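To keep things clear, I will list the structure first and then write my remarks on it.
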Amino acid sequence: MADLPPVKRRISLTWLGLLPFIAFIVLFLVLPTMKIVVGAFQRPDGSFTLANLAGLFTPTILSSYWISIKISLASSAIGCLVGFLMAAGMVLGGLPKAIRSPLLTFSGVASNFAGVPLAFAFLATLGPLGLVTMFLRHEFGINLRAMGFNILSFWGLTITYLFFQIPLMILIITPALDGLKREWREAASCLGASGAQYWRIVALPILFPTILGTFALLFANAFGAVATAIALTGSSLNIVPIMLFAQIRGDVLGDPHLGYAMAFGMILVTGLANVIYILLRMRSERWLK
């Protein structure tokens with residue numbers, strides 16, 4: 001029997017559509033990340049050192065990490081709670097179906113609205129001369145500044161972050177709520193369970209991995225937000241993104257390699273949060289299939 005000619009494998013042309021995306025990822029994500037990681041272990045002359053990482057344990061930098069972590073935790077917790085209640089009201093609460101599409105559309109836009117435009121919007125609304133601030137002062141005699149509220153403070157930045165944290169929670173938790181099967185509710189009702197018992201014993205244990213995973217994702221989202229924090233607070237709040245910007249912007253007092261080390265620390269924190277999100281998301285999807 002004659003040998004058959006070898007079959008030549010052809011690369012599918014459909015892969016060509018991924019080339020621009022792959023090139024974008026390599027140029028603007030992989031290579032900059034590698035430069036940060038390598039730079040965190042280098043001196044200005046290029047030699048290896050651990051001094052940059054040791055510099056992260058100075059009181060000022062540790063304080064900035066702690067403030068950033070507290071802001072991320074606060075915005076994530078509030079974002080998860082409010083976003084879950086809004087999504088539950090939309091999916092399970094009997095709200096008109098016409099609300100679902102506009103809410104999800106707005107959530108998709110708002111979850112990506114950040115940076116200078118978001119900072120300006122909140123300054124124009126809740127700043128010292130903002131629209132809401134002046135309206136409350138003139139119409140109701142409520143002075144937000146006298147009450148201790150400042151948009152350039154911890155809670156001011158936390159409230160600003162909620163603008164994109166809550167919509168992101170809605171987008172992620174809505175499919176999980178859609179995955180709750182009607183048969184589970186009917187079975188619980190037939191066994192005599194009340195609505196509160198159904199949520200406590202059935203629904204929330206199933207949704208808990210998704211909620212906890214989304215909390216981790218929101219934490220990473222807030223911890224890595226740079227442009228909004230810099231544009232809103234400037235140097236008035238000692239958080240990691242602002243200190244990082246001060247180190248790498250090229251001033252004579254700046255230390256770019258210490259900035260690389262700070263960025264490397266941020267990568268580790270956000271990377272760990274994203275890994276937790278992925279693992280918990282995979283676990284929850286097994287229940288919702």
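Here the structure is a predicted model, which means the values were calculated and not measured.
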What's the separation between atom [atom1] in [X] and atom [atom2] in [Y], rounded to the nearest 0.5 Å?
X	Y	atom1	atom2	result
Leu81	Leu162	CG	CG	10.5 Å
Ile170	Phe84	CD1	CZ	12.0 Å
Phe24	Leu29	CZ	CG	8.5 Å
Asn143	His138	CG	NE2	10.0 Å
Leu56	Ser64	CG	OG	9.0 Å
Ile242	Ile67	CD1	CD1	9.5 Å

Please determine whether side-chain contact (heavy atoms from CB on, under 4.5 Å) holds for the pair Met262 and Asn52, giving the CA-CA distance in whole Å, both sets of side-chain angles, and the decisive distance to 0.1 Å. CA-CA 9 Å; Met262 296 179 64; Asn52 299 320; over 6 Å; no
Would Phe215 and Met169 count as a side-chain contact (heavy atoms from CB on, under 4.5 Å) if you check the C-alpha gap in whole Å, the side-chain angles of each, and the deciding distance to 0.1 Å? CA-CA 8 Å; Phe215 177 86; Met169 176 64 178; over 6 Å; no
How about [atom1] on [X], more than 12 heavy atoms from neighbouring residues, nucleotides or ligands closer than 6.0 Å, or not?
X	atom1	result
Met243	CE	yes
Phe149	CZ	yes
Met134	CE	yes

Side chain [X], main chain [Y], donor-acceptor under 3.5 Å:
X	Y	value
Gln165	Leu218	yes
His257	Gly39	yes
Thr125	Phe122	no
Ser153	Asn150	yes
Glu139	Leu136	no
Thr133	Leu129	no
Ser111	Gly108	yes
Thr214	Thr210	yes
Thr233	Ile230	no
Asn221	Leu217	no

Any chain of hydrophobic side-chain contacts (each under 4.5 Å) joining [X] to [Y]?
X	Y	answer
Leu268	Val275	no
Trp184	Leu177	yes
Leu279	Val269	no
Leu123	Val132	yes
Leu168	Ile278	yes

Just so I know, are the side chains of [X] and [Y] near enough to count as touching, which here means a heavy-atom distance under 4.5 Å?
X	Y	value
Phe164	Asn112	no
Leu157	Ile239	yes
Val91	Asp178	yes
Arg185	Val202	no
Leu258	Ile61	yes
Trp199	Leu92	yes
Met266	Pro241	yes
Thr158	Ser75	yes

Could you pull out the closest heavy-atom pair between [X] and [Y], with the gap in Å?
X	Y	answer
Ile206	Leu180	CG2-CD2, 4.3 Å
Ala229	Tyr161	CB-OH, 3.5 Å
Pro20	Leu16	CD-O, 3.5 Å
Ala227	Gly115	CB-CA, 3.7 Å
Ala261	Leu53	CB-CD2, 4.1 Å
Phe264	Val37	CD1-CG2, 3.9 Å

Are Gln42 and Tyr260 close enough, and set up right, to give a side-chain contact (heavy atoms from CB on, under 4.5 Å), and what steps lead you there? CA-CA 9 Å; Gln42 285 183 331; Tyr260 290 149; over 6 Å; no
Look at the rings of Phe219 and Phe223 and say which category their plane angle falls in: under 30° parallel, 30 to 60° tilted, over 60° perpendicular. parallel
Between Phe41 and Phe48, what is the ring plane arrangement, given parallel below 30°, perpendicular above 60°, and tilted in between? parallel
Do Phe163 and Phe113 have ring centres separated by under 6.0 Å?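 Ring-ring flag for Phe163/Phe113: true, centres closer than 6.0 Å.
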